[in-house]
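Below: one structure, written as C-alpha cells.
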Amino acid sequence: CYRGRQMPYGVVGFEKGGYHNVSAKEAWEWSKWSHLALTCDAQRIRLWVDGRLQAEQARDSPRQRNPRPLYIGADPDRRNRPSHFFSGAIDEVRLSGVARYEKSFRPARHFKRDEQTLLLLHFDERVAGVFPDDSGHDRHGWPHGKPALALESR
C-alpha cells in the first residue's frame with residue numbers, strides 16, 4: 001500500500017540486460033492510500049492499482065537474476081547506492097514467488113505470510129534498527145537515511 005505524488009509504475013526483471021517498465025493508465029486521488037501490485041509470470045507483466053488492472057506488457061525473454069540491490073522507495077545508481085527516491089508513504093511490501101493476481105481483486109489491508117511469501121515488511125515498527133521481515137526468511141529491511149514511522153490510520 002502506498003500514498004504518494006508520483007504516477008505508479010513498476011519495474012520488473014533484468015531481462016536482456018535491462019528492465020521492463022509498466023505505467024498506470026489512470027490517475028487517482030493523491031491524498032488517499034492506494035494498493036499497488038506488480039505481477040510477473042512467464043507470459044506477461046501486470047500492474048494493479050487498488051485491485052484493478054492498470055497496465056499489461058508481454059514478456060519477450062526469460063527473467064534473469066538482477067545483480068543490483070533491492071531498495072524499497074529508491075533505485076540503485078551505477079555504484080549500487082540508493083537514488084531516485086520515492087516521495088510519499090509506504091505501508092506494507094510483500095514479494096512472492098508467484099504471480100498472485102490473475103483478475104480484479106479486493107486488496108487486503110494487512111498482508112499475511114504463506115508458503116509463497118519471500119519477503120514481508122509491515123513498516124509498523126523497527127526492531128534493533130531494522131524493519132523486521134515477517135516472511136519467516138529473516139530478510140530484514142535496513143533503513144537508509146532517516147525514514148520516519150508514522151502510525152497513521154487509513
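All values below come from the heavy atoms of this structure, side chains included, with hydrogens, waters and symmetry mates left out.
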His35/Phe105 aromatic ring centres below 6.0 Å: yes
Within one Ile-Leu-Val-Met-Phe-Trp-Tyr cluster: Val98 and Tyr101, side-chain cutoff 4.5 Å: no
field: Beyond-backbone contact of Asp91 with Asp124, side-chain heavy atoms, under 4.5 angstrom
entry: yes
query: Atom CD of Glu56 and atom CD of Gln43: how far apart are they, to the nearest 0.5 Å?
result: 10.5 Å
- prompt: If you take all heavy atoms of Pro143 and Gly129, which pair is closest and at what distance?
  reply: CD-O, 3.2 Å
message: So does Leu118 get a backbone contact from the side chain of Arg139, meaning a donor-acceptor N/O pair under 3.5 Å?
response: yes
- request: Before giving the answer on salt bridge (Lys or Arg N to Asp or Glu O under 4.0 Å), spell out for Arg94 and Asp134 the whole-Å C-alpha distance, their side-chain angles and the decisive distance to 0.1 Å.
  value: CA-CA 9 Å; Arg94 176 178 61 189; Asp134 191 27; over 6 Å; no
query: Would a 4.5 Å heavy-atom cut-off, applied to side chains only, mark Thr117 and Arg100 as touching?
result: yes
field: Ion pair check, Arg113 and Asp133, cut-off under 4.0 Å
entry: no
query: Looking at Gly141 and Leu121, what are the two nearest heavy atoms and their distance?
result: N-CD2, 4.0 Å
- prompt: Counting N and O atoms only, with roles assigned by atom type, does the side chain of Arg44 sit under 3.5 Å from a partner on the main chain of Thr39, one being a donor and the other an acceptor?
  reply: no
statement: Between Trp33 and Asp50, the two heavy atoms sitting closest are O-OD1, 4.3 Å
query: How long is the gap from NZ on Lys112 to CG on Leu120, to the nearest 0.5 Å?
result: 11.0 Å
Arg81 and His144: CA distance, side-chain angles, deciding distance, side chain to side chain contact (heavy atoms under 4.5 Å, CB included) verdict: CA-CA 10 Å; Arg81 296 176 302 198; His144 285 265; over 6 Å; no
- line: Correct closest heavy-atom pair for Cys40 and Ala99 would be O-CB, 3.9 Å
field: The single option from His122, Arg126, His140 passing side chain to side chain contact (heavy atoms under 4.5 Å, CB included) against Phe131
entry: Arg126
task: Work out which heavy atom in Pro132 is nearest to a heavy atom in Val130; give both atom names and the distance.
output: CD-O, 3.4 Å
- prompt: Just by distance, do the side chain of Ser83 and the backbone of Asp75 share a donor-acceptor pair under 3.5 Å?
  reply: yes
query: If you look at every heavy atom in Ala74 and Pro82, which pair is closest and at what distance?
result: CB-CB, 4.0 Å
message: Can you tell me how far apart CD (Glu102) and CH2 (Trp48) are? Round to the nearest 0.5 Å.
response: 7.0 Å
task: Give a yes or no on whether Leu36 and Tyr71 share a hydrophobic cluster (residues Ile, Leu, Val, Met, Phe, Trp, Tyr; joining criterion: side-chain heavy atoms under 4.5 Å apart).
output: no
